Amino acid sequence: MTGDDLTTLGRYAGPATLILSSLAGGAKHGYALMQDIEQFAEVTLRPGTLYGALSRLEAMELIESLEGDGRRRPYRLTHAGAGALQAQLAAQRRVANVGLARLSTGLVTG
Amino acid sequence: MSTVLWILFWTLIWPLGGWLVDRAVNPRTPERRVRRLLAWYPPSWRERHGAALGELLTDAVADGRGGTLLAFDVAREGATERVRAVRAVRASAVSASALIGVGWLMFFPQGVVAAVLTQVDIPPSWFLALHMEGELRFLVAGAMAGVGILLVDRGMRLGAKLCGSRLAG
């Protein structure tokens, strides 16, 4: 387990994956992140949870904040963040592949 | 008995009156609601992220998302950040105490006292410098005193920083 491992974030690991996936498409501020995540994942991240995850990701240097217009502060994915996201998504894909393969064998009863 | 009831009545009614006056003087505006929500977070966190979260909360409230679930979410996260802040302060306080304690032991007993005792013929006991031979005794005692001063200085600086952040908070 490395320092960039998203599983070290505990209950913020899920929101962190969604945030990094959203930022992979370009820099965004908080509200744009919420809307984007709702659109592609159909998950509503509330402001408290969103900023809890953002502050932790920033502390891990997986994202960085940019100078914004007024009080809004956009965030951008760092190289370390892109690597952490890739590792996390690859792990999720492995689990999804195994689950789907086992479901397709038709051993599910009831 | 009636006096006790009278005191009880005013004790209960006074905060209620204050609350009603506050509501009348400060109408329920989105800005006020956002300010109240942000108050769940510790000052150090608000200093760093408060403006951006405030803007997001303003957008969310304006967009009709400012219900009970939002208040619960912000309260939970704010409480989590407060616990984290307290833990960080406690860890820094322990570090400062350890630095000052170890630094003092190195500076005074192992440094100054050991340097003085090199002139007296006594058993070396726990004084590291006294276990050395010749000039090395002064060198070790001096090094102990020097490192001790550095540690005490670092501990004092950390302590002062902690006091400063507490006063600011």
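Residue numbers begin at 1 in each chain, while the letters A, B, ... track the order of the sequences. Nothing here was measured: the structure is a model prediction, and the numbers come from that model.
For chain A, the option among B/L53, B/L37, B/D63 with the highest count of heavy-atom pairs below 4.5 Å is B/L53.
Both B/I13 and B/W6 sit in one connected hydrophobic cluster of ILVMFWY residues. Membership requires side-chain heavy atoms under 4.5 Å apart, directly or through other members. Tracing side-chain contacts under 4.5 Å through hydrophobic residues (I, L, V, M, F, W, Y), one never reaches B/F9 starting from B/I7; they form parts of separate clusters. Placement of A/L20 and A/L18 within a single hydrophobic cluster is found when ILVMFWY residues are connected by side-chain heavy-atom separations under 4.5 Å, directly or transitively. Both B/V120 and B/F127 are part of a single hydrophobic cluster, where members link through side-chain heavy atoms under 4.5 Å apart. Tracing side-chain contacts under 4.5 Å through hydrophobic residues (I, L, V, M, F, W, Y), one reaches A/L50 starting from A/V43; they form part of the same cluster.
For B/W40, no part sits under 4.5 Å from any heavy atom of chain A, backbone or side chain. Contacts of B/L69 with chain A are made by both backbone and side-chain atoms, with heavy-atom separations under 4.5 Å. Looking at A/L33, there are no atoms closer than 4.5 Å to chain B (heavy atoms on both sides), in backbone or side chain. Contacts between B/Y41 and chain A at a heavy-atom distance below 4.5 Å involve the side chain alone, from C-beta outward.
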| query | How far apart are the C-alpha atoms of A/S55 and B/E77, what are their side-chain angles, what is the distance that settles it, and do they pass the side-chain contact (heavy atoms from CB on, under 4.5 Å) test? | reply | CA-CA 11 Å; A/S55 62; B/E77 295 300 326; over 6 Å; no

| said: Determine whether A/R11 and B/T80 satisfy the following criterion, side-chain contact (heavy atoms from CB on, under 4.5 Å), listing intermediate values before the conclusion. | reply: CA-CA 12 Å; A/R11 72 181 169 95; B/T80 305; 3.4 Å; yes

Would you tabulate the side-chain donor-acceptor contacts of residues 91-105 of chain B under 3.5 Å, counting partners in other chains and residues two or more places apart, or write 'none'?
{"unit_1": "B/S92", "atom_1": "OG", "unit_2": "B/A88", "atom_2": "O", "d": "3.1"}
{"unit_1": "B/S95", "atom_1": "OG", "unit_2": "B/A91", "atom_2": "O", "d": "2.9"}
{"unit_1": "B/S97", "atom_1": "OG", "unit_2": "B/A93", "atom_2": "O", "d": "2.8"}

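Counting heavy atoms from C-beta outward, B/H49 and A/R73 have side chains that approach closer than 4.5 Å. By the 4.5 Å heavy-atom criterion applied to side chains, A/T49 and B/R76 are counted as neighbours.
In this structure, B/R154 places its CZ atom where only 12 or fewer heavy-atom neighbours from other residues, nucleotides or ligands lie under 6.0 Å away. Within 6.0 Å of CH2 on B/W10 lie no more than 12 heavy atoms contributed by other residues, nucleotides or ligands. Within 6.0 Å of CD in A/Q86 there are 12 or fewer heavy atoms belonging to other residues, nucleotides or ligands.
The shortest non-hydrogen separation linking B/L57 to A/P47 is CD2-CB, 3.7 Å. For B/A52 against A/Y51, the heavy-atom pair with the smallest separation is CB-OH, 3.2 Å.
Here the CG atom belonging to B/L70 is positioned 11.5 Å from the OG1 atom belonging to A/T44, to the nearest 0.5 angstrom. Put simply, CE on A/M34 and CG on B/L56 are 5.5 Å apart, with the number rounded to the nearest 0.5 Å.
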